[in-house]
Asks: 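Dropping a structure here in structure tokens format, bear with me for questions.
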Amino acid sequence: MRRQRRIAERETASRGLALRPPEILDERLHIDKELLLIMNAAGFLFQTPRLLLRPFVSEVAPALHEILGDRETMAYCEPPYTLEQTRRFLADFCIKRQGALAAVRKDNGLLTGYILFKSIDKDVYEIGWIFRRDCWRQGYAYEACSGVIDRAFRVLGAHKLLAETIDPGKSVPLMEKLGMLPEGIQRSQVRDLSGNWADLYLYGILSEDWKRHGIKMDLS
């Protein structure tokens with residue numbers, strides 16, 4: 001999970017309503033076929049060994065709320081969302097602005113995680129992640145983010161990806177495992193959910209870092 005500076009403002013456990021596996025997607029989920037074709041052509045409708053990375057659709061609001069509405073999951077992000085806040089964020093940022101991808105388990109169709117991925121400059125992207133608490137410590141965040149990073153550099157021709165967090169215990173080690181390098185610490189930059197000032201850790205990965213780090217996934 002990453003600290004998102006007001007993820008709704010910066011162009012910013014029950015199963016609930018889950019996305020179906022890709023082989024049984026019904027017409028209800030094909031709301032914007034043109035968008036899906038565009039995303040596919042750009043390399044962002046793809047799978048990793050256990051996950052399907054795809055655009056968000058409005059039907060997953062309850063499942064997304066199980067992530068964004070959970071206080072422990074959001075501990076290093078911002079106050080947990082109400083269901084109405086989740087619906088607005090999903091419609092405006094995830095779908096309309098195409099600022100994020102849904103990470104869906106292939107074995108059961110469960111919406112497992114939210115992956116922030118948006119352009120902030122020419123060939124420069126921001127990446128972030130928030131995963132269901134009952135899916136922590138199973139490698140899903142690493143798998144999904146590795147796939148997105150690989151796709152960004154290999155298909156989109158990205159120059160750089162950026163990430164930030166106030167969580168030095170879990171997020172920083174994951175960023176480093178993904179091949180990202182520290183780019184600075186903004187001391188006492190933001191308040192956590194308890195109102196205490198927290199350091200903001202900045203990480204980035206360049207295309208040459210990615211090539212050197214050697215993360216390559218068999219994606220289709």
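This one's a predicted model, so the numbers in the text were calculated from it and none came from an experiment.
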Asks: Specify whether Y125 and F117 have parallel, tilted or perpendicular ring planes, treating 30° as the upper limit for parallel and 60° as the lower limit for perpendicular.
Replies: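 Y125 vs F117 ring planes: parallel.
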
Asks: Does one hydrophobic cluster hold both I185 and L174, with members joined at side-chain heavy-atom distances below 4.5 Å?
Replies: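 In one cluster with I185: L174, yes.
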
Asks: Apply salt bridge (charged side-chain N to carboxylate O under 4.0 Å, His left out) to E208 and list each qualifying residue two or more places apart in sequence or on a separate chain.
Replies: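 Not a single residue meets the salt bridge (charged side-chain N to carboxylate O under 4.0 Å, His left out) criterion with E208.
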
Asks: Can you tell me how far OG of S146 sits from NZ of K177, rounded to the nearest 0.5 angstrom?
Replies: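 Answer for the NZ-OG pair, K177 versus S146, is 8.0 Å.
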
Asks: Mind checking whether L111 and I95 sit in one hydrophobic cluster, side chains of I, L, V, M, F, W, Y counted as touching below 4.5 Å?
Replies: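 Linked within one cluster.
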
Asks: Taking only residues two or more places apart in sequence or in another chain, which ones pass side chain to side chain contact (heavy atoms under 4.5 Å, CB included) with D121?
Replies: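 D121: side chain to side chain contact (heavy atoms under 4.5 Å, CB included) contacts with V124.
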
Asks: Will you find, in the side chains of Y203 and E176, an N or O donor that is under 3.5 Å from an N or O acceptor?
Replies: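 Distance-only check passes for Y203 and E176.
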
Asks: Please examine the side chains of Y201 and P168, heavy atoms only from C-beta on, and report whether any two atoms are closer than 4.5 Å.
Replies: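 They are in contact (side-chain heavy atoms under 4.5 Å apart), so the answer is yes.
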
Asks: Please report whether the ring centroid of Y114 lies less than 6.0 Å from that of F89.
Replies: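 Ring-ring flag for F89/Y114: true, centres closer than 6.0 Å.
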
Asks: For M180 and I127: C-alpha separation, side-chain torsions, deciding distance, then whether side chain to side chain contact (heavy atoms under 4.5 Å, CB included) applies.
Replies: CA-CA 11 Å; M180 307 188 87; I127 186 173; 4.3 Å; yes

Asks: Partners of R133 by salt bridge (charged side-chain N to carboxylate O under 4.0 Å, His left out), sequence neighbours excluded?
Replies: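 Applying salt bridge (charged side-chain N to carboxylate O under 4.0 Å, His left out) to R133 gives D70, E72.
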
Asks: Considering only NZ, NE, NH1 and NH2 on the basic side and carboxylate oxygens on the acidic side, decide whether D92 and R97 come within less than 4.0 Å.
Replies: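 Yes, D92 and R97 are salt-bridged.
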
